[in-house]
K.L.:
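Structure provided below as structure tokens; questions to follow.
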Number of protein chains: 2
Amino acid sequence: MSETGVDAVLGALADPTRRALLDALAARGQASASALAADLPVSRQAIVKHLAILEEAGLVSSARAGREVRYTLRSQALDATARWMASLAGEWDRRLNAIKRAAEADDDPPRPQ
Amino acid sequence: MSETGVDAVLGALADPTRRALLDALAARGQASASALAADLPVSRQAIVKHLAILEEAGLVSSARAGREVRYTLRSQALDATARWMASLAGEWDRRLNAIKRAAEADDDPPRPQ
DNA sequence: CGTAGGTGCAACCACAGGGTTGCACGACGA
DNA sequence: TCGTCGTGCAACCCTGTGGTTGCACCTACG
């Protein structure tokens, strides 16, 4: 339960269109759904849905500016997920080493090779 | 193109069942599809499909042992993806700072606040 | 031998979700 | 005030894929 929204972030990042959307946002720094729709080969509505998912995952934030809504990147969630993955990788290594070590010490003493 | 199989890893990691599968594998260190099927509430066939996807993403590796196939965790791809995400987060920060700075210098000189 | 445990293959079902279109509503500029 | 631009909402289609069942095949083990 301690992980931020790792599953949400992973789910959001799993879609290519969403990643392209994030790229476009990174390039513009800030943009409305309609503006982003001009960059990608999908309809504005599709973009809006994707943005909703990305915002839900904490990867972007929205702010109303007059009659339009500006979206901005939010690196925090991404960074947190990266950390989570790195620590998981470390965990795997520790786990596997421990098991391998135990197997060697438990199974092989009479038969080193 | 330089990214390992980031999209494959993200796609693989996006599914909850697959993450549970990886957890189970981490606990056992090494296991066959049938053994893993005992841990999860899905059929062996479903497990096999997931394992195929995970192997495709480089998150696990398989090795035949007699009449069964043993699967093992592979932390490398996970670690690489974690690094990719972290660098992406850094990229976003740099991008946003640059843009914000430019906006302030270009728009606000007469109006600091 | 035969039997049991483990895989592999294939067909099939059902639902989530990525995508679209259409329309109504609110805000800005002339 | 009117036109227009950007949103929001809703219905709808259709593919992908997570899941299942059934069966054939192979390998160990008695």
Side-chain angles (χ1 to χ4, degrees), chain A residues 5-25 27-74 107, chain B residues 5-25 27-74 107:
Chain A
V6 178
D7 54 330
V9 173
L10 289 175
L13 249 41
D15 183 84
T17 303
R18 236 122 57 194
R19 288 200 300 273
L21 193 47
L22 291 174
D23 279 350
L25 247 188
R28 293 171 170 265
Q30 185 175 261
S32 68
S34 299
L36 289 167
D39 286 6
L40 302 188
V42 294
S43 71
R44 176 184 62 91
Q45 291 302 334
I47 303 266
V48 170
K49 288 189 187 177
H50 284 308
L51 283 172
I53 294 175
L54 289 171
E55 184 167 22
E56 182 75 13
L59 290 169
V60 306
S61 64
S62 64
R64 179 141 227 139
R67 71 182 157 187
E68 68 181 17
V69 178
R70 302 272 178 72
Y71 291 88
T72 318
L73 289 177
R74 191 146 224 87
D107 241 11
Chain B
V6 178
D7 53 331
V9 172
L10 289 175
L13 248 42
D15 183 86
T17 304
R18 234 123 57 195
R19 287 201 299 274
L21 192 48
L22 291 173
D23 280 349
L25 246 188
R28 292 172 171 266
Q30 186 174 258
S32 67
S34 300
L36 290 167
D39 287 4
L40 302 188
V42 295
S43 72
R44 175 184 63 92
Q45 292 301 335
I47 303 266
V48 171
K49 289 189 188 177
H50 284 307
L51 283 172
I53 294 175
L54 289 171
E55 185 167 21
E56 182 75 14
L59 290 169
V60 306
S61 63
S62 64
R64 180 142 227 140
R67 70 181 159 189
E68 66 181 15
V69 178
R70 302 272 177 71
Y71 291 87
T72 319
L73 289 177
R74 190 146 224 86
D107 243 10

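When reading the values below, keep in mind they use all heavy atoms of this one structure, side chains included, and skip hydrogens, waters and symmetry mates.
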K.L.:
Just how far, in rounded Å, is C1' of D:dA28 from CZ of B:Arg70?
P.N.:
13 Å
K.L.:
Going from CZ on B:Arg64 to OG on B:Ser32, what distance comes out if it is rounded to the nearest 0.5 angstrom?
P.N.:
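Atom-to-atom, B:Arg64:CZ and B:Ser32:OG are 11.0 Å apart.
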K.L.:
Given atom CG of A:Leu51 and atom P of C:dG17, what is their separation to the nearest angstrom?
P.N.:
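Spelled out: CG on A:Leu51 to P on C:dG17 is 17 Å.
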K.L.:
About how many Å separate CG of B:Leu54 and CG of B:Leu25, when rounded to the nearest 0.5 Å?
P.N.:
8.5 Å
K.L.:
Within this structure, what is the NE2-CG distance for the pair B:His50 and B:Leu36, rounded to the nearest 0.5 Å?
P.N.:
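If we round to the nearest 0.5 Å, B:His50:NE2 and B:Leu36:CG are 11.5 Å apart.
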K.L.:
Give the nucleotide from the list D:dT7, C:dG8, C:dT20 with an atom nearest to the side chain of B:Arg64.
P.N.:
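Nearest to the side-chain atoms of B:Arg64, counting from C-beta on, is C:dG8.
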K.L.:
Do any side-chain nitrogens or oxygens of A:His50 fall under 4.0 Å of OP1 or OP2 in C:dG17?
P.N.:
no
K.L.:
Hey, could you give me the OG1/CG distance between A:Thr17 and A:Leu22, rounded to the nearest 0.5 Å?
P.N.:
11.0 Å
K.L.:
Please state how far atom CG in B:Asp15 lies from atom C1' in C:dA16, giving the value in whole angstrom units.
P.N.:
12 Å
K.L.:
Among D:dG19, D:dT7, C:dT20, which nucleotide has an atom closest to any side-chain atom of A:Ser43?
P.N.:
C:dT20
K.L.:
Using whole Å, what does the distance between atom P of nucleotide D:dG18 and atom CD of B:Glu56 come to?
P.N.:
13 Å
K.L.:
Regarding B:Arg18, tell me which of base, sugar-phosphate or nothing describes its non-hydrogen contacts under 4.0 Å with the strands shown.
P.N.:
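B:Arg18: backbone/sugar contact only, no base atoms under 4.0 Å.
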K.L.:
Let me know, please, whether A:Arg44 or B:Ser34 comes out on the 5' side of the other along DNA chain C by nearest nucleotide.
P.N.:
B:Ser34
K.L.:
Between C:dG5, D:dG19, D:dT21, which nucleotide has the shortest distance from any of its atoms to the side chain of B:Thr17?
P.N.:
D:dG19
K.L.:
Once hydrogens and angles are ignored, does a donor-acceptor distance under 3.5 Å link the base of D:dC5 to the side chain of A:Glu68?
P.N.:
no
K.L.:
Would the base of C:dG19 count as contacting A:Lys49 through its side chain, where contact means a donor and an acceptor less than 3.5 Å apart?
P.N.:
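Yes.
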K.L.:
Would you say the side-chain atoms of B:Arg18 pair up with the backbone N or O of B:Ala12, donor to acceptor, closer than 3.5 Å?
P.N.:
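Flag set: sc B:Arg18 to bb B:Ala12 pair under 3.5 Å.
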K.L.:
What is the separation between atom CG on A:Leu13 and atom P on C:dG18, rounded to the nearest whole Å?
P.N.:
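Value for this atom pair: 13 Å.
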K.L.:
State which of D:dG22, C:dG5, C:dC28 makes the closest approach to the side chain of B:Arg67.
P.N.:
C:dG5
K.L.:
Rounded to the nearest Å, what distance is computed from the CD1 atom of residue A:Ile53 to the C1' atom of nucleotide C:dA16?
P.N.:
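Taking atom C1' of C:dA16 as the reference, CD1 of A:Ile53 is at 11 Å.
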K.L.:
What nucleotide, of C:dC9, C:dG18, D:dG8, holds the atom closest to the side chain of B:Gln45?
P.N.:
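Of C:dC9, C:dG18, D:dG8, C:dC9 is nearest to the side chain of B:Gln45.
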K.L.:
Between C:dG18, D:dC9, D:dG19, spot the one nearest the side chain of B:Val42, thanks.
P.N.:
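The answer is D:dG19, which lies nearest to the side chain.
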